[in-house]
There are 2 protein chains.
Amino acid sequence: MELRQLRYLVAIDEHGNLGRAARALFVSQPALSYALKSLESELGVRLFERTPGGVVATAAGRDVVRAASEAVRRADLVAAVAARHRRDADRVLRVGFEASGAGELTTKARAEFARRHPGARVEPKRFDWGEEAEALRDGRVDVAFVWLPADLAGLRSVVVHTEPRVVGLPVGHRLADREGVSVVETNGEPLMWTERAPRAWVDWWAVNPRPDGSEPLWGPKNDNVEEMLEQVAEGAAICFAPSSMASYYARPDLAWVPLTDVEPLRVALSWSDDTETALVRGFVEAVSDLAVTET
Amino acid sequence: MELRQLRYLVAIDEHGNLGRAARALFVSQPALSYALKSLESELGVRLFERTPGGVVATAAGRDVVRAASEAVRRADLVAAVAARHRRDADRVLRVGFEASGAGELTTKARAEFARRHPGARVEPKRFDWGEEAEALRDGRVDVAFVWLPADLAGLRSVVVHTEPRVVGLPVGHRLADREGVSVVETNGEPLMWTERAPRAWVDWWAVNPRPDGSEPLWGPKNDNVEEMLEQVAEGAAICFAPSSMASYYARPDLAWVPLTDVEPLRVALSWSDDTETALVRGFVEAVSDLAVTET
DNA sequence: CGGGGCCATAAACGCGGCTTATGATCGCTG
DNA sequence: CAGCGATCATAAGCCGCGTTTATGGCCCCG
C-alpha cells in the first residue's frame, strides 16, 4: 500500500469519477484506473462500483476512504512538523485566536510567556469563525484560544476564560441606549450567523431556541468579525458577541448592550498532542496560571 | 514522501542504527542510508546525527519520527478497516473486555444487542490487563469494556458500570473469613500488580498511597486474571479485584472479601471514531439503555 | 596497529507505475 | 435508432527510482 494510492483514493471519492480526479491530480485517467484496481486487489475488497457516469463508493469503500484520508492527513502532518523545524523550531510559538480572542487574557498571556521564555517569540495568528480547531489539527498553529462550544476531538484543552455576552447594534437602534437587554427582546431582529462553524456552535451563539421557545430570525451570513460588524453597522442585522469585543472593536457606528439572561462565553486554550513542544507546554502553563488568578 | 520511508524512519529510530534496522526490515543497509538521506533532503531538515556506533535523532528527528509513526499507524488502520470488510463487515461486532468485563452487564448487553440486531453476531475478545484500549485503536476490536482509569485518548467513551471492589485471598488466610476489610489491614500483604498497564492504573488499583500514607508491598507481576489468581491461590500474594470477579472466577482455593473503604471500579464502554459503524452505535445504545436501568 | 563495528558511495539491475493509444459499454439525443 | 460523447478498462512501451552487491572511509577498542 502506498501513500500515493491513498491520495488517489481520496481524490477519486471526492470527484466521483476517474477522469476529473485524474485532471485534478495531474495524471492520466488510466493511472487512476490502474492504481484503484491494484489497491482493491491488495486489500481484497471492492472499493468503488463502476457505473457509466462515474464511480460510487461501496460500503467498504466509504470506510476505507475515511481511514485513508486520515492517513493522508497524518502523513501531511509529518511534512508540517518538519517544516516547522526547518523554519524556527524552538524559538517561535504560533498562537491562534479569533476576533477579540480571550480578551485581555490573550495579551497578558503573551506578556507572561515572554517573561518566562525570553528567547521565544509569539506569532499571533487570526482566524475566521471556527477555523482555529482545524488549524491546530493540521499544524498551522501550535496553540489556540478557542471559543466554545467547538469540536475539540483530537485536541487537549483547558477552559481558561469566561466573559459575559453582549448584543451589537447600530447606533440609533431602539435598544441601543439600554443598560441591558433580555435575549427575547431581540427576537424580531435579524441575527448574524455563519456557515463556517458547526450548527451546534451557531445555535449556541444565537441562543436557539430562545427561552420562550421561538427560533431566532436568521440574518446575513458572515465569515469573520469584520464582515459581521460591517453588516451590523449598516443596520442589516444585529449580532451577539463576548463583551471584550465591545472594547476591542470599538466603532463610532456601533453600540454594545449587555445580554442579561444568556450563558457567558467560555474560551478554551487548546493544542494538539502531535505538536506538543516545550514552548506549547510553557504557554499552557503561563495561561493556566493567569487564568487561576483571573477568576 | 513515501509510506515506505516513514516505516524505515520509525525502524531506524527504534534500532538506533541502520544495520540492525535494515536486518529487521529485510533490506540492505544502503537502502536505508539512501532512503533516510532522500527523506531528509525532501523535508529540508536533518533527522539523525550519524555517529560511529549508530545514529541518534535530532530534535527535529524526534518530532518527525513521532508524527511518522502515527501516520504509519493510520495507514495500517486502512488495511485493518479493509480486512474487516473483507471478512464479515456488517454482520459481526468484536467486543473487547478483560477478566470479568463489566460483570452481568456484559452478558445482558450482548443479549439485548442480539434482540435489537437479529442479523448480527457478537464476537467477544478477551484481553490482558490494559490491552483493550490499544486493541480499539488499531482496530482489533470494534468496541470494548474498559476498566478505568485508562488512557482513553483518541477514543469515545461512556461510563456504563460501577461495582465495589474486593480483596482476593487464598483460603485459610487470616482475613479470609472476614465480612469486610479496610485496605490498610492489607498493608503488609504482597499485592499482585502488572507492568502491562500504565503506572497510574496500577496505583489506582493498589490504592497507592494508602489512606495512612504508606505504600503497598509490591508482590509478583502478572499479565492477566488467570496468572493473578494462580499466584493468589498459591499464597504468593493477594489481589484487588471488582466484586464480579468473585462470582466469575469462583475457585475452591480462593476467598473473596469486600473492601470497605476504597472507591468502586468504574467501567467505560469505549470505541474509536475510526471504526464507528452502525453496529457499534447499536451496541453503545443497547449498553447505555441497560446502564441507565442498572443504576 | 589491526580488526570490527559503523555509515556513505558507486554502479548495475529490474520492478512497477506512468504515459499514449485504443477498446468496450452505456445513455442521451436528434 | 444511429451516433456521439461521456464513462472506465486494457495494452504496450518507456523510464524513474529504489533496490542490490561491492567497496571505501571513519572511529573505537583491544
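Not measured: the values here are computed from a predicted model. Sequence lines set the chain letters: A, B, ... in the order given, protein chains first and strands last, and positions in each chain run from 1.
Note on A:Arg50: every side-chain N or O is 4.0 Å or more away from OP1 and OP2 of D:dT7. An OP1 or OP2 oxygen of D:dA9 is reached within less than 4.0 angstrom by a side-chain nitrogen or oxygen of A:Ser33.
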Next item on the list: Produce a footprint string for nucleotides 13-30 of chain D: one letter per nucleotide, 5' end first; B if the base is under 4.0 Å from any protein heavy atom, S if only the sugar-phosphate is, - if neither.
Entry: -----SBBBB----S---
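Atom CZ of A:Arg20 and atom C1' of D:dC8 are 13 Å apart (whole Å). Rounded to whole angstrom, the span from the NZ atom of A:Lys37 across to the C1' atom of D:dA11 amounts to 11 Å.
Within 6.0 Å of the CZ atom in B:Arg156, the count of heavy atoms belonging to other residues, nucleotides or ligands does not exceed 12.
Using a 4.5 Å cut-off on side-chain heavy atoms (C-beta onward), B:Trp271 and B:Val284 make contact. Using a 4.5 Å heavy-atom threshold, the side chains of B:Val287 and B:Phe145 count as touching. For the pair A:Leu279/A:His117, a side-chain contact is recorded, criterion being any heavy-atom separation below 4.5 Å from C-beta on. Considering only heavy atoms from C-beta on, A:Lys221 stays 4.5 Å or farther from A:Glu227 through its side chain.
Counting only distance, with no hydrogens or angles, the side chain of B:Glu131 and the backbone of B:Arg126 share no donor-acceptor pair below 3.5 Å.
For the residue pair B:Trp129 and B:Asn222, a side-chain donor N or O sits within less than 3.5 Å of a side-chain acceptor on the partner. In this model, no donor atom of one side chain and acceptor atom of the other lie less than 3.5 Å apart for B:Trp201 and B:Asp151.
Counting only Watson-Crick and G-U wobble pairs whose two key distances fall under 3.5 Å, DNA chain C forms stems of three or more stacked pairs at C:1-5 with D:26-30, C:7-30 with D:1-24.
Taking a heavy-atom distance under 4.0 Å as the criterion, the stretch of DNA chain C touched by chain A extends 5' to 3' from C:dG17 to C:dC26.
One finds the CZ atom of A:Arg20 at 12.5 Å from the CG atom of A:Leu32 (value rounded to the nearest 0.5 Å).
Two rings, from B:Trp147 and B:Trp205, have their centers less than 6.0 Å apart.
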